[in-house]
**Q** 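Below is a structure I'd like to ask you about.
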Amino acid sequence: MSRLPDLIEFPALKRPSRPNNCLVAPDGFAGVSTPDETAPVFDKPPKRVFDLVMDLVLERVEWRLRASDPDTLRISFIAVTPLMKFKDDVYVQALPVDGAADRSSVAIYSGSRIGYSDLGTNAKRVKELLDLIGTR
């Protein structure tokens, strides 16, 4: 299976039909892909959310930064599963909320490189990221 590029454009993301990926995004942002959930809104500016995710990626041994772009607030990293060492691709973009400079949302896609099912691993990772952004 071919890897996705280092950074993605969420409105152009085409999700595979296999149940080994998870997408959370604000309404209407994901374009051609239907998110599993609508992304929450955080009481933090988008740059703060971007910085938080960067810190989280750099703190985790099992997460390896692939690319980041502070201008577009996008990050990509590889998450390695602890037991089997499978590599999953994760993409995050912090987004402004219209009319609220101190509020933001995110788009997050986490997808397995191989296999049909991931037993919920990608959805758990996305939920964990959302929870950590919300509590830090």
Side-chain angles (χ1 to χ4, degrees):
M1 177 183 174
S2 65
R3 286 185 20 205
L4 291 172
D6 287 347
L7 293 169
I8 61 171
E9 298 291 337
F10 277 92
L13 173 68
K14 292 181 183 174
R15 293 174 70 182
S17 60
R18 298 179 315 274
N20 65 353
N21 64 85
C22 181
L23 173 65
V24 170
D27 288 337
F29 185 72
V32 298
S33 291
T34 303
D36 297 297
E37 289 182 35
T38 300
V41 173
F42 302 103
D43 290 326
K44 298 171 177 60
K47 176 69 167 93
R48 175 72 181 125
V49 170
F50 173 85
D51 291 341
L52 277 170
V53 174
M54 279 295 295
D55 290 346
L56 289 167
V57 171
L58 297 175
E59 286 171 8
R60 303 264 176 124
V61 240
E62 70 275 14
W63 292 358
R64 298 180 191 141
L65 182 66
R66 178 190 288 162
S68 68
D69 182 357
D71 293 333
T72 60
L73 304 175
R74 294 183 299 165
I75 298 167
S76 71
F77 62 95
I78 298 166
V80 181
T81 61
L83 184 60
M84 299 299 289
K85 305 297 182 206
F86 293 126
K87 293 179 181 174
D88 299 335
D89 296 301
V90 184
Y91 301 88
V92 181
Q93 183 171 2
L95 301 162
V97 172
D98 288 340
D102 60 340
R103 300 184 81 200
S104 61
S105 190
V106 290
I108 302 174
Y109 173 78
S110 183
S112 298
R113 290 184 181 180
I114 61 171
Y116 181 78
S117 175
D118 65 356
L119 303 175
T121 299
N122 287 294
K124 288 176 196 165
R125 182 180 300 115
V126 170
K127 182 179 179 346
E128 178 186 15
L129 261 171
L130 293 171
D131 289 346
L132 289 168
I133 294 167
T135 58
R136 285 198 175 190

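Residue indices begin at 1 and follow the sequence shown.
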**Q** Which atoms form the tightest heavy-atom contact between T38 and P26, and what is the distance?
**A**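 Scanning both residues completely, I find the closest heavy atoms to be CG2-CA, 4.4 Å.
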
**Q** Compare every heavy atom of D118 with every heavy atom of T121, then report the nearest pair and how far apart it is.
**A**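 Heavy-atom minimum between the residues: OG1-O, 2.8 Å.
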
**Q** Backbone N or O of N20 within a donor-acceptor pair of the N122 side chain at under 3.5 Å?
**A**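 Yes.
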
**Q** Ignoring hydrogens and geometry beyond distance, is a side-chain donor-acceptor pair present between D88 and S112 at under 3.5 Å?
**A**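 Yes - a donor-acceptor pair under 3.5 Å links their side chains.
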
**Q** According to the salt bridge (charged side-chain N to carboxylate O under 4.0 Å, His left out) rule, which pairs have a member within residues 22-41, sequence neighbours left out?
**A**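 Those involving residues 22-41 are R15-D36.
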
**Q** Does V57 belong to the same Ile/Leu/Val/Met/Phe/Trp/Tyr cluster as V126, with side-chain heavy atoms less than 4.5 Å apart forming each link?
**A**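 Result: yes, single cluster for both.
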
**Q** Do you reckon W63 sits in the same ILVMFWY cluster as V24, going by side-chain contacts under 4.5 Å, direct or chained?
**A**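 Per the 4.5 Å side-chain linkage, W63 and V24 are co-clustered.
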
**Q** What's the spacing between K124 NZ and L129 CG if we round to 0.5 Å?
**A**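 Answer for the NZ-CG pair, K124 versus L129, is 15.0 Å.
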
**Q** With heavy-atom distances below 4.5 Å as the criterion, would you say the side chains of F29 and P11 are in contact?
**A**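 Side chain of F29 against side chain of P11, heavy atoms only: contact under 4.5 Å found.
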
**Q** Taking atom CG of L58 and atom CZ of R60, what is their separation to the nearest 0.5 Å?
**A**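 Nearest 0.5 Å value for the CG-CZ distance: 12.0 Å.
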
**Q** Could you grab the distance from atom CZ of R66 to atom CD1 of I78, nearest 0.5 Å is fine?
**A**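 Reported value, rounded in 0.5 Å steps: 4.5 Å.
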
**Q** Hey, what do you get for CG (L13) to CD1 (I8), rounding to the nearest 0.5 Å?
**A**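 Taking CG in L13 and CD1 in I8, the distance rounds to 4.5 Å.
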
**Q** Looking at P46 and A94, what are the two nearest heavy atoms and their distance?
**A**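 Shortest heavy-atom contact: O-CB, 3.4 Å.
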
**Q** Could you list the donor-acceptor pairs under 3.5 angstrom formed by side chains in residues 96-105, with sequence neighbours left out?
**A**
unit_1, atom_1, unit_2, atom_2, d
R103, NE, D43, OD1, 3.1
S104, OG, K44, O, 2.8
S105, OG, P40, O, 2.8

**Q** Flag yes if V53 and L132 sit in one hydrophobic cluster, no otherwise; membership is Ile, Leu, Val, Met, Phe, Trp, Tyr, and two members link when side-chain heavy atoms are under 4.5 Å apart.
**A**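 Looking at the clustering, L132 is in the same group as V53.
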
**Q** In Å, rounded to the nearest 0.5 Å, how long is the span from CG of L95 to CZ of R74?
**A**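 With rounding to 0.5 Å, CG (L95) is 11.0 Å from CZ (R74).
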
**Q** Mind checking whether F77 and V106 sit in one hydrophobic cluster, side chains of I, L, V, M, F, W, Y counted as touching below 4.5 Å?
**A**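 As far as the 4.5 Å side-chain criterion goes, V106 and F77 are connected within one cluster.
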
**Q** Share the residues that join L119 in a hydrophobic cluster, the rule being Ile, Leu, Val, Met, Phe, Trp or Tyr side chains under 4.5 Å apart at the heavy-atom level.
**A**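 None, because no other hydrophobic side chain comes under 4.5 Å of this residue.
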
**Q** With hydrophobic residues grouped by side-chain heavy-atom distances under 4.5 Å, do L56 and I108 end up in a single group?
**A**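 In one cluster with L56: I108, yes.
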
**Q** Can any side-chain N or O of S76 pair as donor or acceptor with the backbone N or O of D6 at less than 3.5 Å?
**A**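 Yes; at least one donor-acceptor contact below 3.5 Å.
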
**Q** Using 0.5 Å steps for rounding, measure from the CZ atom of R113 to the CG atom of D89.
**A**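 Output value for this atom pair is 4.0 Å.
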
**Q** Looking at E62 and R125, is there a salt bridge between them, counting it only when a charged N and a carboxylate O are closer than 4.0 Å?
**A**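 Answer for the salt bridge query: no.
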
**Q** With side chains defined as the heavy atoms from C-beta onward, is the minimum distance between L65 and M54 less than 4.5 Å?
**A**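 Yes, at least one pair of side-chain atoms sits under 4.5 Å.
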
**Q** Looking at R136, I want to see if its CZ is surrounded by more than 12 non-hydrogen atoms of other residues, nucleotides or ligands under 6.0 Å.
**A**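 It does: R136 CZ has more than 12 such atoms within range.
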
**Q** How far apart are the closest heavy atoms of I75 and F50, and which atoms are they?
**A**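 Heavy atoms of I75 and F50 come nearest at CG1-CE1, 3.4 Å.
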
